[in-house]
Protein chains: 2
Amino acid sequence: MQVAATAVGGGLPVPPMEFCQLKATETIRPADDPHTRNKRQQILEAAARQFSACGFHGANMRDVAAAAGVLAGSIYYHFESKDALFVAVHGAAIDMMTNAVRAAVAGIADPWDRLEEAAAAHCEALNGDSAFVGVIAPIFPVTIGALRSQLTAQRDAYESMFSDLIGKLELEADIDPKIFRLHVLTALNGTKFWYGPGGMAPSEIGRQLIRMLRRRATRDPGIV
Amino acid sequence: MQVAATAVGGGLPVPPMEFCQLKATETIRPADDPHTRNKRQQILEAAARQFSACGFHGANMRDVAAAAGVLAGSIYYHFESKDALFVAVHGAAIDMMTNAVRAAVAGIADPWDRLEEAAAAHCEALNGDSAFVGVIAPIFPVTIGALRSQLTAQRDAYESMFSDLIGKLELEADIDPKIFRLHVLTALNGTKFWYGPGGMAPSEIGRQLIRMLRRRATRDPGIV
DNA sequence: TACAACCTGACAAACGTTTGTTCAACACAT
DNA sequence: ATGTGTTGAACAAACGTTTGTCAGGTTGTA
């Protein structure tokens, strides 16, 4: 299936994107690079935008196709099904976020600092300009049923990074690391639904969350 | 279309997992109170279950009807449209949660205690046995577009309760109360997606979150 | 060089199903 | 007999998917 972790356009231009209906209106060639670019990649990106804005059920293949400058049927040359397309987008998003977080914590020693950077990177990627990661958060609603196992498999590796990060924290005894991780991750993902440009920067929002927890949650006797 | 396990390149066979499909299988009378009870109410409850499990787009009127022991057409006697049905469910859910939270904080003086109880009540209602509140969390994905303004209007009153609660906290200067509220609320709502019976009780999960934040976030000189 | 065979990516139209919704007819109280 | 509630069939639109086709490029062979 080769999810194409590959470089899935980190910084490509994201269209106006207002809510759901990015309707099929215009089939304009994305002046960007007309035909040279892999059609598969364009479909993947269009699908990311559509899924991200409308959710799985809300998005439809025709709009995805139109946004990619292709007819609906053509998608099936590259992807087996709508399900498979979604899994591919989701996988690409996870890969991007994994890389972002890994890069962010590299070279940092202090466990809390590492978590803070990870949170900042997560938040920034999630609310950044790549449509891909947009599918990460809204998936929760298990609307998808049959896909669930595949998606959780993709997520597991990512979330285990946070498990490791949190495992190094030496939390106080009354704090369950698992609950801690889940609360942090869901709060971080939740930003996708309320963050808007003009306010605090995404990375700063992520940092704030960790700072809110930092002093309280540590058992460092010098601080508490 | 039969999604089935159909490969999806990933290879792994997808388990039955009938998450969404609370399919129309059984039309059993909800022994509860067969026909005395308002049919409208039964439809409302069935819709809550369906929307909660499948999301807005994922749920369909026929399954809702079957779950309510009714035919699809009958719904339209009580509700104008699928949209209206959803708004009704959402409104009922907000009402229930508002009552739960209001009752939980009644008679408690300390601001942090009040917030803790509110969080516990929110979490408990959200993961409790009433299907209604299930629609609260997954709505975030703005999948719904046109309904958005109606839903946010319903939410505003509820969220302002938390604003008030948090406004009384006297947070440290470097903590933005709005960010604080949003993080708390989204983390709380997030429990809907990972909470499972057998683990920590929902109310305790909610409490834990506030306790994680409590000491750090206060400027009480006696503690920090 | 020439030509046939094949592969690739995409097209356009259609298929069968599911969806939200409507509506005339019907039941059964009052 | 009137009104309230329900039915069951039907509808048009939208959906995911399948199909048959095709131009253009690449490869293999003579």
Side-chain angles (χ1 to χ4, degrees), chain A residues 2 4 20-25 27 29-30 33-44 46-47 50-51 54-89 143-147, chain B residues 1-9 20-24 27 29 34-44 46-47 50-51 54-89 143-147:
Chain A
Q2 86 267 46
C20 210
Q21 284 355 23
L22 321 171
K23 267 301 178 200
T25 54
T27 322
R29 293 256 147 215
D33 28 14
H35 47 297
T36 52
R37 187 72 154 291
N38 225 355
K39 218 65 173 162
R40 184 195 143 98
Q41 186 63 22
Q42 284 178 237
I43 292 171
L44 212 48
Q50 216 65 32
F51 284 135
C54 312
F56 179 76
H57 291 293
N60 68 64
M61 300 296 267
R62 270 170 254 266
D63 285 351
V64 168
V70 157
L71 255 51
S74 307
I75 296 181
Y76 289 83
Y77 176 81
H78 302 276
F79 301 93
E80 187 182 345
S81 64
K82 187 186 186 184
D83 285 17
L85 178 57
F86 187 88
V87 171
V89 170
T143 313
I144 303 172
L147 265 55
Chain B
M1 106 138 170
Q2 290 311 78
V3 173
T6 55
V8 176
C20 202
Q21 299 337 34
L22 320 172
K23 268 300 176 201
T27 322
R29 293 259 146 213
H35 48 295
T36 53
R37 185 70 152 295
N38 227 354
K39 215 61 171 169
R40 186 194 140 98
Q41 186 63 22
Q42 284 178 237
I43 292 171
L44 214 46
Q50 216 66 31
F51 283 135
C54 311
F56 179 77
H57 291 293
N60 67 61
M61 300 297 266
R62 270 170 254 266
D63 286 351
V64 169
V70 155
L71 255 53
S74 308
I75 297 181
Y76 288 84
Y77 178 79
H78 301 276
F79 300 94
E80 186 181 344
S81 64
K82 186 186 185 185
D83 284 17
L85 178 57
F86 188 88
V87 171
V89 170
T143 313
I144 302 172
L147 267 54

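All of these numbers come straight from a predicted model, not from anything done at the bench. A, B, ... follow the sequence lines: proteins, then strands. Residue 1 opens every chain.
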S.K.: Tell me whether the OP1 or OP2 atom of dG20(C) has a side-chain N or O from Lys82(B) closer than 4.0 Å.
M.R.: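 Yes, because at least one side-chain N or O of Lys82(B) sits under 4.0 Å from OP1 or OP2 of dG20(C).
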S.K.: What's the NE2-P distance between His57(A) and dG16(D), to the nearest Å?
M.R.: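 Nearest whole value for this atom pair: 10 Å.
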S.K.: With a 4.5 Å cut-off on side-chain heavy atoms, are Tyr77(A) and Arg40(A) touching?
M.R.: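 They are not in side-chain contact.
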S.K.: Whole angstroms only, please: what is the CZ-C1' distance between Phe79(A) and dT8(C)?
M.R.: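 Nearest whole value for this atom pair: 15 Å.
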S.K.: Could you give the NE2-to-C1' distance, from His78(A) to dG16(D), as a whole number of Å?
M.R.: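 Going from His78(A) (NE2) to dG16(D) (C1'), I get 17 Å.
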S.K.: Let me confirm one number: the OH-CD1 distance from Tyr76(A) to Ile43(A), rounded to the nearest 0.5 Å.
M.R.: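 Going from OH on Tyr76(A) over to CD1 on Ile43(A), the span is 11.0 Å.
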S.K.: For the side chain of Ser81(A), starting at C-beta, report the closest nucleotide among dT21(C), dT17(D), dT6(D).
M.R.: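 Out of dT21(C), dT17(D), dT6(D), the nucleotide with an atom closest to Ser81(A)'s side chain is dT17(D).
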S.K.: Would you indicate whether the side-chain heavy atoms of His57(B) and Phe56(A) approach each other to under 4.5 Å?
M.R.: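 SC-SC contact between Phe56(A) and His57(B) ruled out.
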S.K.: Calculate the interatomic distance between Tyr77(A) atom OH and dG9(C) atom C1'; express it in whole Å.
M.R.: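 The distance from OH of Tyr77(A) to C1' of dG9(C) comes to 6 Å, rounded to the nearest Å.
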S.K.: Expressed as a whole number of angstroms, how long is the span from Met61(B):CE to dA14(D):P?
M.R.: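 The distance from CE of Met61(B) to P of dA14(D) comes to 18 Å, rounded to the nearest Å.
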S.K.: The side chain of Arg62(B) lies closest to which of these nucleotides: dG16(D), dT19(C), dT17(D)?
M.R.: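 Nucleotide nearest to Arg62(B)'s side chain: dT19(C).
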S.K.: Take the protein atom CD of Gln50(A) and the nucleotide atom P of dG16(D), then report the distance between them rounded to whole Å.
M.R.: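 Roughly 11 Å, once rounded to whole Å.
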S.K.: Is the phosphate of dT7(D) approached by Ser74(B) (side-chain N or O, under 4.0 Å from OP1 or OP2)?
M.R.: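 Answer yes for this pair, as a side-chain N or O of Ser74(B) is under 4.0 Å from OP1 or OP2.
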S.K.: Between Lys82(A) and Ala59(A), is there a donor-acceptor pair closer than 3.5 Å when you use the side chain of the first and the backbone of the second?
M.R.: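 Checking the backbone N and O of Ala59(A) against the side chain of Lys82(A), a donor-acceptor pair under 3.5 Å is found.
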S.K.: Take the protein atom CD1 of Ile75(B) and the nucleotide atom P of dT6(D), then report the distance between them rounded to whole Å.
M.R.: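 After rounding, the gap between these two atoms is 11 Å.
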S.K.: Out of dT21(C), dT6(D), dT19(C), which has the shortest distance to the side chain of Asn60(B)?
M.R.: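 Ranking dT21(C), dT6(D), dT19(C) by closest atom to the Asn60(B) side chain puts dT19(C) first.
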S.K.: Check whether the side chain of Arg40(A) and the base of dG9(C) form a donor-acceptor pair under 3.5 Å.
M.R.: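 Looking at the base of dG9(C), it does not pair with any donor or acceptor on the side chain of Arg40(A) (distance under 3.5 Å).
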S.K.: Figure out the CD/P separation between Gln42(A) and dG9(C), and round it to whole Å.
M.R.: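 Nearest whole value for this atom pair: 13 Å.
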S.K.: Going by heavy atoms in the side chains, are Gln42(A) and Val70(A) under 4.5 Å from each other?
M.R.: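 Side chain of Gln42(A) against side chain of Val70(A), heavy atoms only: no contact under 4.5 Å found.
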